[in-house]
Amino acid sequence: MLNLKNLTYYCNSLKSERNQLLQTPGLDSDDYLVSRKRPNGKTELYIRTKKSRKERYVNNKLLAEAQVIAQKMIARKKLEDIIPKINAIENLLSVLKQESVSEAYLQKHPWLSQLLPQRRSNSDKMDAWKNEPYDRNMSHPEKIIYPTVIPNLFTRSKSESMIVSRLAFFGVPYHYDENQYIDGVRLAMDFICINVNTGKKWYWDHRGMLDDKSYIEKTLYCEGHYLNAGIISGINLIVTSETSSHPLDVQDVDQMIQDYLL
């Protein structure tokens, strides 16, 4: 599956490189370098001005200027590579982020799903899984106080409540705070979700207090068991993080859902 987040990151890295190249000294200068090989095999460099075609032999006095011109010439060539890539990726992202026409049509005419056997079968299985009873983590009930858009469902944090609302908005089946035996250890997974198109199961670990030392230690403990059990970020594990100064952003949550669960 194409990962929009990685594609966006790659595009942003290209833009950062482009911006650095645009700061290259003398980028708009008309001067460039030419070389000539003498009969004795020696190569000589000259600085040529584009308009006047005037040339200056690069001796020791002009070596520093020639180095600046060389950097400018390479920067221009790199920009010729980078700018078309940025434009192409931005065009691709704009298309990929558009709402699926077929999904929008099915949402507008939900009765059609009843006439599509495979879709109905998958939907029935997901609904059955979503509604089946599971071993929910009820330790420290005094912390389960944040209401959600789902009646009678409370979470342990505002961010988890927000994730619930976005999963519900996109129609993604999930279990919240389900106890699982992972690598032989009983751990509570923040969310277990099902991709609505593929039926693939994804774990979702929200790391909400990464500026707390004891919380970090607990996170690393769980991470070790996840790895041993083959639960790996980007493969079957979604990870979101925040600190007190950098709270979780709803756009990041939506991006995760679009990348992995739709």
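For the numbers below, each heavy atom of this structure counts, side chains included, while hydrogens, waters and symmetry mates do not. The structure displayed is predicted, hence computed values, not measured ones.
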Pairs touching [range] that satisfy salt bridge (charged side-chain N to carboxylate O under 4.0 Å, His left out), sequence neighbours left out:
range: residues 165-183; answer: R156-D177, R166-D254
range: residues 134-151; answer: D135-R186
range: residues 69-80; answer: K77-E80
range: residues 203-221; answer: D205-R207, R207-E223

Looking at residues at least two apart in the chain, or sitting in another chain, which of them share a side-chain contact (heavy atoms from CB on, under 4.5 Å) with L22?
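side-chain contact (heavy atoms from CB on, under 4.5 Å) list for L22, sorted by chain: R18, N19, L27, L79.
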Listed by chain and number, what are the side-chain contact (heavy atoms from CB on, under 4.5 Å) partners of N91, not counting sequence neighbours?
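side-chain contact (heavy atoms from CB on, under 4.5 Å) check on N91 returns nothing, list empty.
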Can you list everything that forms a ring pair (Phe, Tyr, Trp, His ring centres under 6.0 Å) with F154? Sequence neighbours excluded, please.
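Counting only residues at least two positions away or on another chain, F154 forms no ring pair (Phe, Tyr, Trp, His ring centres under 6.0 Å).
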Mind checking salt bridge (charged side-chain N to carboxylate O under 4.0 Å, His left out) for K158 and listing every partner two or more places apart, or none if nothing turns up?
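With neighbours one apart ignored, the set is empty.
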Who pairs with E55 by salt bridge (charged side-chain N to carboxylate O under 4.0 Å, His left out), at least two apart in sequence or on another chain?
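Result, salt bridge (charged side-chain N to carboxylate O under 4.0 Å, His left out) vs E55: R36, R48.
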Cut-off 3.5 Å, no hydrogens considered: what does the side-chain donor-acceptor table look like for residues 127-134, sequence neighbours left out?
| unit_1 | atom_1 | unit_2 | atom_2 | d |
| --- | --- | --- | --- | --- |
| N131 | ND2 | D127 | O | 2.9 |
| Y134 | OH | Y176 | N | 3.0 |
| Y134 | OH | Y176 | O | 3.1 |

For M209, what are the other residues in its hydrophobic cluster, where any two members join if their side-chain heavy atoms are less than 4.5 angstrom apart?
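L210, Y215, I216, L220, listed by chain and number.
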Listed partners of S157 passing side-chain hydrogen bond (donor to acceptor under 3.5 Å, both in side chains), at least two apart
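Checked S157 against side-chain hydrogen bond (donor to acceptor under 3.5 Å, both in side chains); zero matches.
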